[in-house]
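In this text the structure is predicted, and so the values were computed from the model without any measurement. Numbering starts at 1 and runs along the sequence shown.
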Amino acid sequence: MDAKNRIEEITQLLEKYNYEYYVLDNPSVDDSEYDRLMQELIALESANPELISPLSPTQRVGGKVLDEFRKIPHKRMMLSLANAFNSADLKDFDRKIREILKTDTVEYMAEMKIDGLGMSLVYNGKLNYAATRGDGSVGEDVTSNVITIKSVPSKIDLDQEFEIRGEVFMPKKSLESLNKEKEANGEPLFANARNAAAGSIRQLDSKIAASRGLDAFWYYVVNAKDFKIRYHSEALKFADKLGFKTNPERRICHGIDEVIDYIEEYTEKRPNLPYDIDGIVIKVDDMSLYDKLGYTSKTPRWAIAYKFPPEEVVTKLVDIIYTVGRTGHITPNAVLEPVRVAGSVVQRATLHNEDFIIDKDLMVGDYVVLRKAGDVIPEVVRIVKERRDGTQKPYHMIDKCPVCGGPLVRKDAIHYCTNPECEAKRIEGIIHFASRDAMDIDGMGEKVVEQFFNQGFFKKISEIYTLFEHRDDVIALDGWQEKSIDNLLESIEKSKGNSLERVLFGLGIKEVGAKMAKTLSRKFLNIDNLSKATYEELMEIPDIGPIVANSIVSFFAQSSNIETINSLKAAGVNFEYLGSTTSAANSYFSGKTCVLTGALSSMGRKEATEILENLGAKVTGSVSKATDVVIAGEDAGSKLDKAQALGITVINEQEFLELIK
């Protein structure tokens with residue numbers, strides 16, 4: 001696979017994992033897998049800077065804003081932190097800082113990395129609003145929930161604007177109490193404190209948040225400079241005096257060796273803390289140096305987060321079972337003797353594929369080492385070979401689909417079910433079609449799709465649009481009322497008006513992700529034009545290679561896919577591209593290579609990128625001699641400096657808004 005296609009593939013995966021982690025609070029992969037993909041993407045983009053997109057996970061803070069809450073643009077970007085995994089990473093971080101500052105020793109503040117939900121509070125005497133991180137540029141207004149946290153002051157003794165950031169979390173005792181209550185009510189338990197805190201803050205009913213026993217630590221005074229505060233440690237003392245709860249476990253460290261000693265100390269103390277931490281944050285204490293040290297588009301260079309290695313336990317592998325994905329992908333999964341690890345009981349873990357099991361030499365009946373990387377996703381690390389007693393059963397990969405019994409084929413390391421009528425594949429296909437990045441049918445998640453499929457309300461994608469015929473049948477099911485089914489039917493009806501790229505992505509064409517679907521939609525304008533496109537025509541499009549072109553041609557050559565499209569057309573689903581196509585030729589930005597830097601107050605980075613691309617611009621993530629225009633928002637960093645040094649045209653937000661009119 002060439003660099004372009006691999007970058008697109010990794011980007012799609014990381015965006016999916018970001019969505020699961022930051023929006024759904026339900027990640028499907030562990031931190032180590034996410035970090036591995038991120039490091040690979042960084043390396044690919046470093047080697048191919050012309051392929052860097054401003055929407056790349058390396059260029060922006062992951063995540064999306066939920067529609068249930070008012071959107072609030074952050075006046076200053078809420079950046080994430082770069083990660084360190086060992087002392088070598090920390091020493092490299094320290095070396096770079098000392099080289100920039102031309103000094104032998106740097107004073108750092110070391111603090112607990114609370115495992116909760118990032119939050120920003122803005123005051124003008126009284127609390128103006130509380131906003132989540134969101135995508136880093138735009139957050140969610142959750143003031144009504146945050147104000148229920150008793151340690152959060154509703155007003156402070158300051159007349160001017162004051163912004164402070166921190167972490168909302170659930171103490172261990174609160175989680176234990178909440179899970180006991182849920183267990184008594186027969187409800188699913190929260191897996192960990194972070195999920196519980198995030199789920200509580202995102203409740204529309206503030207009474208629920210108030211009942212959850214949440215707390216918060218505040219760790220960064222954003223506009224400390226306005227109060228003539230130079231040091232981060234001073235800013236935290238200032239916050240203490242104003243009535244904010246800051247973490248008392250912080251410590252000033254003289255040089256990186258003291259930081260490493262601090263980390264070793266709190267690695268041992270970690271289990272006895274009354275709240276969960278997943279690492280240690282290290283910041284340069286002298287804030288007057290921050291501008292000199294600078295920022296990347298994603299992280300500040302004056303801070304880093306050390307992440308703890310995952311906890312490991314031993315349990316027994318009782319069985320191996322299989323699940324079937326949308327494409328027919330067969331995934332083996334470990335059934336484990338229940339064991340408590342990182343705050344929750346684990347009974348399942350993915351085994352990925354046949355090669356993974358063979359490489360680990362796994363047998364049913366083995367004792368295995370299990371960990372929850374990032375304290376979230378369980379994974380089997382290795383077997384405990386010395387505990388084998390001859391009762392273990394050798395592993396053999398199945399050769400038939402566990403759902404439909406159809407034959408399996410192996411491609412690369414993955415086994416696939418080849419039966420196009422496999423119910424598991426059809427269920428996953430419907431789930432994908434209704435998902436947020438596809439048709440965005442609110443209320444039609446995985447459990448609802450499975451329930452309706454099993455009830456026979458629909459068996460294929462196009463039958464989603466006949467669900468209204470089963471309205472009374474749905475109301476008769478447990479948990480459904482007139483309002484809930486009517487809301488779902490309204491969302492289904494609304495989805496008919498989506499632009500072509502959404503339905504194209506929803507159809508699940510192999511190798512066609514959300515970005516590629518938009519590229520194809522802009523080029524061909526409607527599904528009929530695209531369905532007639534030849535391999536040669538597709539290959540003329542810059543972002544398309546042989547694998548993607550073949551996949552698209554093959555998709556439209558299958559009569560069953562054409563039948564699905566015709567059924568959707570008959571149901572009233574739009575197959576026309578609704579984006580801008582006529583204004584690009586006369587636009588100031590047409591044909592120009594643009595870079596966005598800093599925070600725009602009027603819109604998020606994603607929206608600005610879409611506008612520019614619709615006006616014929618190419619948006620990249622880095623400034624070079626090939627850049628024509630840099631759009632600079634508030635707190636623009638090194639990209640602005642580089643643009644000015646190269647003599648590239650720079651426009652501010654107001655000029656940008658005038659030009660896009």
Side-chain angles (χ1 to χ4, degrees), residues 1 5-6 9-10 12-14 16-17 20 27-44 83 85-86 307-339 341-342 346-403 407-418 424 510 547:
M1 183 180 292
N5 286 331
R6 181 57 178 161
E9 182 182 63
I10 296 174
Q12 289 174 10
L13 282 172
L14 292 178
K16 173 179 180 287
Y17 299 156
E20 291 168 347
S28 64
V29 296
D30 56 40
D31 280 5
S32 61
E33 172 64 9
Y34 184 96
D35 293 333
R36 183 188 68 78
L37 288 170
M38 180 64 79
Q39 292 303 315
E40 183 181 351
L41 184 57
I42 290 170
L44 283 168
N83 292 324
F85 300 98
N86 49 49
K307 300 187 79 172
F308 289 123
E311 176 187 349
E312 295 184 346
V313 298
V314 175
T315 188
K316 190 174 184 179
L317 175 61
V318 177
D319 198 3
I320 295 175
I321 60 174
Y322 300 85
T323 54
V324 185
R326 172 176 59 87
T327 62
H329 178 172
I330 306 296
T331 303
N333 300 274
V335 179
L336 306 162
E337 279 190 353
V339 62
V341 54
V346 174
Q347 299 181 67
R348 296 282 192 276
T350 180
L351 297 177
H352 304 290
N353 54 54
E354 180 184 25
D355 289 352
F356 179 90
I357 297 172
I358 292 171
D359 289 345
K360 299 284 186 190
D361 190 25
L362 293 175
M363 294 186 187
V364 173
D366 269 332
Y367 282 89
V368 297
V369 175
L370 182 76
R371 69 183 177 194
K372 285 178 70 177
D375 296 341
V376 178
I377 303 299
E379 64 176 350
V380 174
V381 181
R382 60 187 178 276
I383 64 169
V384 185
K385 212 160 195 174
E386 58 270 23
R387 295 189 67 173
R388 280 188 173 167
D389 57 10
T391 62
Q392 287 74 24
K393 298 176 183 177
Y395 170 75
H396 298 289
M397 181 65 188
I398 58 174
D399 57 9
K400 290 182 177 155
C401 175
V403 175
L408 304 185
V409 296
R410 174 169 168 146
K411 184 177 180 182
D412 298 323
I414 307 300
H415 285 77
Y416 293 90
C417 171
T418 58
K510 196 173 180 183
I547 295 174

Item to check | Partners passing side chain to side chain contact (heavy atoms under 4.5 Å, CB included) against Glu9 (at least two apart in sequence or in another chain) | outcome: Met1, Arg6
Item to check | Minimum heavy-atom distance between Asp361 and Asp366, given as atom pair plus value | outcome: O-OD2, 3.7 Å
Checklist entry - What's the shortest heavy-atom distance between Gln392 and Gly365, and which atoms? => result NE2-O, 3.2 Å
Item to check | Which atom of Ala424 lies closest to which atom of Val403, heavy atoms considered | outcome: CB-CG2, 3.7 Å
Checklist entry - Once you round to the nearest 0.5 Å, how far does OH of Tyr322 lie from NZ of Lys400? => result 14.5 Å
Checklist entry - Does the pair Ile358 and Met397 meet the rule for a side-chain contact (heavy atoms from CB on, under 4.5 Å), with working shown? => result CA-CA 10 Å; Ile358 292 171; Met397 181 65 188; over 6 Å; no
Checklist entry - side chain to side chain contact (heavy atoms under 4.5 Å, CB included) with Val364: which of Ile320, Thr391, Val335? => result Ile320
Item to check | Criterion side chain to side chain contact (heavy atoms under 4.5 Å, CB included) against Val368, the qualifying member of Val384, Leu362, Val381 | outcome: Leu362
Item to check | Straight-line distance of Ile10 CD1 to Asn5 CG, nearest 0.5 Å | outcome: 11.0 Å
Checklist entry - Are any of the side-chain heavy atoms of Val314 and Arg387 separated by less than 4.5 Å? => result yes
Checklist entry - Looking at Tyr34, is Lys307 sitting on its ring face, NZ or CZ under 6.0 Å from the six-membered ring centre and within 45 degrees of the normal? => result no
Checklist entry - What distance do His352 atom NE2 and Glu33 atom CD have between them, rounded to the nearest 0.5 Å? => result 7.0 Å
Checklist entry - Of all heavy-atom pairs between Ala349 and Leu336, which one has the smallest distance, and what is that distance? => result CB-CD1, 4.1 Å
Next on the checklist: Could you check whether any side-chain heavy atom of Ile383 comes within less than 4.5 Å of a side-chain heavy atom of Arg388, counting everything from C-beta outward?
Outcome noted: yes
Checklist entry - Which value, rounded to the nearest 0.5 Å, describes the distance between Ile330 atom CD1 and Cys401 atom SG? => result 4.5 Å
Next on the checklist: Pair Leu408, Asp399 - check side-chain contact (heavy atoms from CB on, under 4.5 Å), show working.
Outcome noted: CA-CA 5 Å; Leu408 304 185; Asp399 57 9; 5.6 Å; no
Item to check | Thr331: partners by side chain to side chain contact (heavy atoms under 4.5 Å, CB included), with sequence neighbours left out | outcome: Thr323, His329, Asn333, Thr350
Item to check | Residues forming a side chain to side chain contact (heavy atoms under 4.5 Å, CB included) with Glu337, sequence neighbours excluded | outcome: Thr315, Lys316, Val318
Checklist entry - If every non-hydrogen atom of Arg410 is compared with every non-hydrogen atom of Asp412, which pair is closest and at what distance? => result NE-O, 2.8 Å
Checklist entry - At their closest point, which heavy atom of Tyr416 faces which heavy atom of Lys411, and how far apart are they? => result CE1-CB, 4.0 Å
Item to check | CD1 on Ile357 to CG on Leu317, rounded to 0.5 Å | outcome: 8.5 Å
Checklist outcome for this item: dist Gln39:CD -> Phe85:CZ (nearest 0.5 Å) comes out at 6.5 Å
